[in-house]
Colleague: 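Handing you this structure, nothing more for now.
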Amino acid sequence: MAYLWAKSLRSQGIPNNSEYPDFYELFESLLQYVVKNESRKLVLCIDQFHEVLKTDRSLMNAICKLMNEERYYNSFMIILSSNAIGYVENSLISQIGSLAFQISAFLKLKPLRFIDLVCYFDSSNTQKCMNIYSICGGNPGFWAYFDINESFRDNICRVFLHKESQLYKIVIHEVSTHLRELNVYTTLLASLAEGREKLNDIFNHTLYSRPKISVYLKNLMSHEYVEKVFSY
């Protein structure tokens with residue numbers, strides 16, 4: 001991974017000391033270049049950092065080493081971004097150990113509000129906005145696929161039901177990215193989608209054991225694919 005990053009930086013005119021640098025050398029060369037040539041602070045955002053960290057802990061070691069260098073004090077900020085909520089909340093700390101103390105803060109982005117969707121579409125048609133929000137929630141990535149000028153039915157057919165649409169297999173893609181045994185999880189999700197929300201109803205429909213259903217539902221909840229709702 002560090003090799004590919006270094007190659008990409010060289011193609012943009014940012015030199016590296018080595019063709020095969022480690023993460024520390026890579027970040028240091030980038031920081032030196034920015035400070036020297038642009039005389040301003042560096043904000044480095046590493047998107048989906050968990051994909052690297054799961055297989056190579058040296059990424060976090062390099063970040064912490066760089067942060068402890070006095071000569072770079074207050075000259076840069078590193079943002080680690082991830083959509084693997086379950087991993088960050090349940091596994092990250094145990095994997096990096098004491099290095100977790102070097103992380104300044106954790107920020108979990110909440111779904112955007114309904115009023116944000118109204119402003120996004122700049123529409124006074126409250127009914128259409130409510131329909132879209134009821135399907136997409138506060139995820140602006142899904143909003144972009146909807147056309148506020150089309151009927152709700154046409155939007156659903158075009159965005160979700162057409163086999164060539166980008167969201168046709170979004171559930172399978174998302175679940176398979178973070179969880180194993182895809183057939184079990186999709187069976188449970190399909191059961192929930194058809195209105196079987198109680199443990200006994202899911203058991204009668206899937207014939208999975210109750211303990212197994214509970215464990216798999218817990219995994220789905222940890223990734224926020226489903227939510228446990230308590231009655232008042």
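Quantities reported herein were computed from a predicted structural model and do not represent experimental measurements. Residues: numbered from 1 along the sequence shown.
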Colleague: Answer yes or no: are there more than 12 heavy-atom neighbours, outside M221 itself, under 6.0 Å from its atom CE?
Modeller: yes
Colleague: Do other residues, nucleotides or ligands put more than 12 heavy atoms under 6.0 Å from the NZ atom of K54?
Modeller: yes
Colleague: For Y208 and F203, run ring-ring contact (aromatic ring centres under 6.0 Å, His included): C-alpha distance rounded to whole Å, both residues' side-chain angles, the deciding distance at 0.1 Å, then the answer.
Modeller: CA-CA 6 Å; Y208 296 146; F203 164 72; 9.7 Å; no
Colleague: Could you pull out the closest heavy-atom pair between I132 and F146, with the gap in Å?
Modeller: CG1-CD2, 3.8 Å
Colleague: Does any part of the side chain of K212, heavy atoms only, come nearer than 4.5 Å to the side chain of L217, both counted from C-beta?
Modeller: no
Colleague: Report yes or no: does S8 contribute a side-chain atom to a donor-acceptor pair with the main-chain N or O of L4 at less than 3.5 Å?
Modeller: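 A pair under 3.5 Å: no.
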Colleague: Within the 4.5 Å heavy-atom criterion, are F160 and N155 side-chain neighbours or not?
Modeller: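 Of all side-chain heavy-atom pairs linking N155 with F160, none is under 4.5 Å.
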Colleague: Do L30 and V43 sit in one hydrophobic cluster, given that two such residues count as connected whenever their side-chain heavy atoms are within less than 4.5 Å of each other, even indirectly?
Modeller: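 No, separate clusters.
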Colleague: Walk me through it: do S151 and D154 pass the test side chain to side chain donor-acceptor pair (under 3.5 Å)?
Modeller: CA-CA 5 Å; S151 68; D154 290 343; 3.1 Å; yes
Colleague: With the threshold set at 4.0 Å, does a side-chain nitrogen-carboxylate oxygen contact exist between K65 and E28?
Modeller: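 No, this pair does not count.
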Colleague: Closest approach of K128 and I148, non-hydrogen atoms and distance?
Modeller: NZ-O, 3.0 Å
Colleague: Would you say NE2 of H162 has more than 12 non-hydrogen atoms from neighbouring residues, nucleotides or ligands within 6.0 angstrom?
Modeller: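 No, because the 6.0 Å sphere around NE2 of H162 holds 12 heavy atoms or fewer from other groups.
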Colleague: How close do V159 and S165 get, heavy atom to heavy atom, and via which atoms?
Modeller: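 Minimum heavy-atom contact is O-OG, 2.9 Å.
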Colleague: Would you call F106 and I93 a side-chain contact if the rule is heavy atoms closer than 4.5 Å?
Modeller: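 Heavy-atom side-chain distance check passes, below 4.5 Å.
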Colleague: Evaluate the side chain to side chain donor-acceptor pair (under 3.5 Å) criterion for residues Y24 and E69: first the C-alpha distance (whole Å), next the side-chain angles of each, then the deciding distance (0.1 Å), finally the verdict.
Modeller: CA-CA 11 Å; Y24 177 78; E69 290 275 1; 2.7 Å; yes
Colleague: Please verify the inter-ring angle class for W5 with F27; under 30° counts as parallel, over 60° as perpendicular, anything in between as tilted.
Modeller: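 W5 vs F27 ring planes: tilted.
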Colleague: Looking only at non-hydrogen atoms, find the nearest pair between S82 and Q48 and report the distance.
Modeller: CA-OE1, 3.7 Å
Colleague: Grouping I, L, V, M, F, W and Y whenever their side-chain heavy atoms are under 4.5 Å apart, do L66 and M77 come out in a common cluster?
Modeller: no
Colleague: Is there a side-chain contact between H223 and V175 in this structure, where contact means two heavy atoms from C-beta onward sitting under 4.5 Å apart?
Modeller: no
Colleague: Over all heavy atoms of both residues, which pair between S222 and N90 is shortest? Give the atoms and the distance, please.
Modeller: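 In this case the closest contact between S222 and N90 is CB-ND2, 3.8 Å.
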Colleague: Can you confirm whether R113 is buried at CZ, in the sense that more than 12 heavy atoms of other residues, nucleotides or ligands lie under 6.0 Å from that atom?
Modeller: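 Counting neighbours around CZ of R113, 12 or fewer heavy atoms of other residues, nucleotides or ligands fall under 6.0 Å, so no.
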Colleague: Are the side chain of N204 and the backbone N or O of N200 linked by a donor-acceptor pair below 3.5 Å?
Modeller: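 Checked: pair present.
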Colleague: Within a reach of under 6.0 Å around NZ of K169, are more than 12 heavy atoms found that belong to other residues, nucleotides or ligands?
Modeller: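 Check fails, neighbour count at 12 or below.
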Colleague: What pair of heavy atoms forms the shortest contact from Y225 to H178, and how long is it?
Modeller: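 That would be OH-CD2, 2.8 Å.
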Colleague: What's the verdict on side-chain contact (heavy atoms from CB on, under 4.5 Å) for E181 and Y216, showing C-alpha distance, side-chain angles and the deciding distance?
Modeller: CA-CA 10 Å; E181 297 187 77; Y216 282 70; 2.6 Å; yes
Colleague: Is a side-chain donor or acceptor of R158 paired with a backbone partner of E150 at a separation under 3.5 angstrom?
Modeller: no
Colleague: For D122, does the CG atom have more than 12 heavy-atom neighbours from other residues, nucleotides or ligands under 6.0 Å away?
Modeller: no
